[in-house]
Every structure is written in C-alpha cells, then in structure tokens.
Amino acid sequence: MDMNQQFQDVIKKDRFPVSLFGIYLVVMLLMSGVHTGIIVFMGYAHWSKLAQTFVPIVYWSLVAIGLTLFTKKRVRETYEEPMIRLSEAAKQVAEGDFSVYVPTIHTMEKIDYLDMMILNFNKLVEELGSVETLKTDFVSNVSHEMKTPIAIIKNYAELLRQDNLSEEKRKEYGEIIEHAAVKLSALITNILRLNKLENQTITPERKDYDVSRQLCECILQFEELWEEKELEIDVDIEDSAVAFADENLMEIVWNNLLSNAIKFTESGGSIRVSQETEERYLVIRISDTGCGMSETNMKHIFDKFYQGDTSHSKEGNGLGLALVKRVLELMDGKIEIESVLGKGSTFIVKIPVRKED
C-alpha cells in the first residue's frame, strides 16, 4: 500500500489547531477587560484627556506587538523551520549526498500534510541513493569485466610480436585473443540490450508464434557443444504450442538458459527440456544435472554481473539471466528456479498463450 494512502484517514489537512482560536479569543477578552479597567481608572483618577487618549493607543499597540510576535513564533515553528530543513536537505541531495534524513514534525498519531511531504522526500532520497549505488556498482562491474579481456588481448598481442615465436604458439595466442575479443563483444552487446530493455527503447512485437519450433531450433544450435561434453539431451515438448510474445526477444531467453545448462553441467551429464500448455501459460522447464545453487545464489541469480559459480566466470559476464528476467517481464511472463546444490537446477518459464483482454 502507498504511504500516502496508508495515512490518508489520519492526515490533518489544517496545520493550525482549533485551540489556537481559543487562545486568541481568551487573550482578546482579557485584553478588552484590562482596557476597560484602564479607562475606568483614568476617569476615576481624573487624568487629562490627552492621557486618556494616548494610553489606550499605547496599550493596544503593545497588545498588537505581543500577538504579532506570538503569531510569528507559531508560523516559524510550524512552517519556516521545517521548510528551511527541507530546503537544506534538498541542497545536500543536489550535491550528491543521499544520506540525508529530515525528521517529521509530529508523531504518526498527529501527522499532517507537511509531515507527509517530509516522509515522501525521505523516501525519494532513499530511492535515489539506491539508484546511485546500483549505478556505481554497474560501472564498477562493467569496468572490471572489460579490463580482463582487454588485458588478455594486450598481453598476447605483445607476445605475438616476438620474432622467434613458433607457428604453433602464434596460432595458440591468436585463438586466445579471438576468444577474449568475442567475450568483450558479447559483454558490450548484452549491456546495450539490457539498457534498451530497461529503458523500454525496444518495443516488443508480440504476436502468436510456435514456441515448440523455436525451442527445437535453439536446442540444435548448441548441438556441437553438447556433443563435445557428451551430454544426454532429453526433449519432451508438444508438436505445436502457440505463445503470445515477441519471437526474437524470446530467443534470447532460450539461448541463455540452454547455454547456462550446458555450461554448468559436467561431461556425461544430462539436460532435459519439457513444455506443457496450461490455461493461461505455456510452461517450459529446462533442467540440468550440473552443480546446482545455494539459497544465497538463488536470491541473487538475476542480479547484473552476479556469478554464483566463480569456476565458470570466465565463460560468461553475469548479464544473461538479467536479460532473461527483463525480457519475460516485458512479455508478462514469469521465471522460477528450483535447485539443489550439487545435484542440478531447473528454470521454469511461463509465457502467456494468448493476448489478455
């Protein structure tokens, strides 16, 4: 529930309490009584007409000054000081300090709209701080991921310049440079894809298409890899299964999930791809007999640049599953994980079978 809605019934719309009117009324009645007393006293004492005219003027001037000072004090405490604190805090945020916190004026039982403004400001600063942290982490991770392949390319390029290098070594170094370049290219491509997806500069072209056909085509693309590792591939999908999604974006999902399954499954293991149609969703399961994941890894597996199994980090950049999740969000789909450490993982993808009304 939104914070404004949560306090909607208790937020006071008026910052000046009714008691303030009572204070002014009592003060004015007392001052009027004193004024009457002064008039009676001056008549009884036979003061001059000039004094009887001048004294009430001075008296009510003092009363006016007193009420003005009292009102100014109330306005300063009620409006000016909170707004000054809010202004100073906003200046700090503008300068990049997201640790700012502005205390509310009242407790939650007496909260008013100015308190709500302060609470919303604090929430905004907290969100900005989170975004800044993510931005910093993202830049740091990108720099780190780019540094490794660039260093490899630089070092092996220098080695290739040696005059007494054998043809075998030259070929080996060339392959290493090519592999590093491919990894760097894939990293940049994934960053650009993710950026476009997150900023919604890519408009999904959702339509009905055959997922069964697409799954078979994606599986066959990895035939060389699974044969190299001698993996057993078990496919159990319908002859035809129509989903309502963007065919090109969904190819990113299957390629990433299949690539991960092959990468994390040891030689001689097995991978199973199954698909079934439910009332609203097509359900696709991609299972492997690989290393599995711990509870901690499962919580962060869709984070950018997160790589739970560092032994395979050289084979990826930690953006694949972040891409998968974002694509499925755009498709109104879902992804779930079932995993047992040391025994394997299952990724369960659900995508709509038809356009919802």
Side-chain angles (χ1 to χ4, degrees), residues 134-199 201-202 217-231 233 248-249 251-269 271 286 288 290-291 293 297 300-324 326-327 345:
L134 287 173
K135 177 183 173 184
T136 304
D137 290 345
F138 183 78
V139 172
S140 175
N141 286 325
V142 168
S143 301
H144 175 75
E145 290 293 333
M146 285 186 170
K147 187 188 297 182
T148 303
I150 289 174
I152 291 172
I153 292 171
K154 179 177 179 296
N155 293 337
Y156 281 92
E158 290 176 355
L159 290 174
L160 280 174
R161 294 171 61 185
Q162 296 178 2
D163 296 331
N164 58 346
L165 198 65
S166 66
E167 188 62 30
E168 183 181 351
K169 284 292 183 182
R170 194 180 302 277
K171 183 178 179 181
E172 179 187 342
Y173 294 164
E175 289 176 353
I176 292 172
I177 290 174
E178 182 183 7
H179 182 269
V182 168
K183 182 176 180 180
L184 186 60
S185 175
L187 172 64
I188 294 171
T189 300
N190 282 339
I191 289 172
L192 293 174
R193 279 177 177 171
L194 195 56
N195 181 61
K196 288 179 179 179
L197 288 169
E198 289 186 336
N199 291 293
T201 54
I202 294 179
E217 291 174 355
C218 290
I219 292 169
L220 289 173
Q221 286 179 12
F222 293 96
E223 183 176 5
E224 184 178 340
L225 290 176
W226 91 59
E227 286 184 348
E228 182 182 333
K229 296 184 74 172
E230 298 180 346
L231 301 179
I233 306 297
N248 292 327
L249 290 179
E251 187 174 348
I252 295 174
V253 174
W254 311 132
N255 284 341
N256 273 289
L257 294 180
L258 289 167
S259 173
N260 281 348
I262 293 172
K263 178 169 66 176
F264 291 105
T265 302
E266 297 298 330
S267 299
I271 294 172
I286 299 177
D288 62 65
C291 57
M293 287 179 280
N297 289 346
H300 299 282
I301 198 67
F302 294 108
D303 295 350
K304 299 170 191 171
F305 297 105
Y306 183 80
Q307 297 184 36
D309 183 0
T310 55
S311 65
H312 291 80
S313 59
K314 64 181 182 180
E315 301 174 32
N317 49 51
L319 286 177
L321 290 178
L323 272 169
V324 166
R326 184 58 186 148
V327 167
S345 304

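The figures that follow rest on heavy atoms only: side chains count, while hydrogens, waters and symmetry mates do not. Numbers for residues simply follow the sequence, beginning at 1. Just so we're clear, the structure is a prediction, and the values are computed from it rather than from any experiment.
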Considering all heavy atoms, the nearest [X]-[Y] contact:
X      : Y      : answer
Ile152 : Ala180 : CG2-CB, 3.9 Å
Leu231 : Gly268 : CD2-N, 4.0 Å
Ile286 : Ala261 : CG2-CB, 4.2 Å
Phe222 : Asn255 : CZ-O, 3.5 Å
Gln162 : Arg170 : O-NH2, 3.9 Å
Ile177 : Ala157 : CD1-N, 3.7 Å

In this structure, are over 12 heavy atoms from other groups packed under 6.0 Å from [X] atom [atom1]?
X      : atom1 : value
Glu228 : CD    : no
Glu168 : CD    : no
Gln221 : CD    : yes

- Minimum side-chain heavy-atom gap Tyr173-Leu165 below 4.5 Å: yes
Item checked: Non-hydrogen side-chain atoms of Ile271 and Ile262 separated by less than 4.5 Å -> yes
Applying side-chain hydrogen bond (donor to acceptor under 3.5 Å, both in side chains) to Trp254 and not counting sequence neighbours gives Gln214
Output the distance between atom [atom1] ([X]) and atom [atom2] ([Y]), rounded to the nearest 0.5 Å.
X      : Y      : atom1 : atom2 : result
Leu159 : Glu172 : CG    : CD    : 10.0 Å
Lys171 : Glu167 : NZ    : CD    : 8.5 Å
Glu230 : Thr265 : CD    : OG1   : 14.0 Å
Asn155 : Leu160 : CG    : CG    : 11.5 Å
Leu258 : Lys263 : CG    : NZ    : 12.5 Å
Tyr156 : Lys169 : OH    : NZ    : 8.5 Å

Next on the checklist: Using a strict threshold of under 4.0 Å (side-chain N to carboxylate O), is an ion pair present between Glu158 and Lys154?
Outcome noted: yes
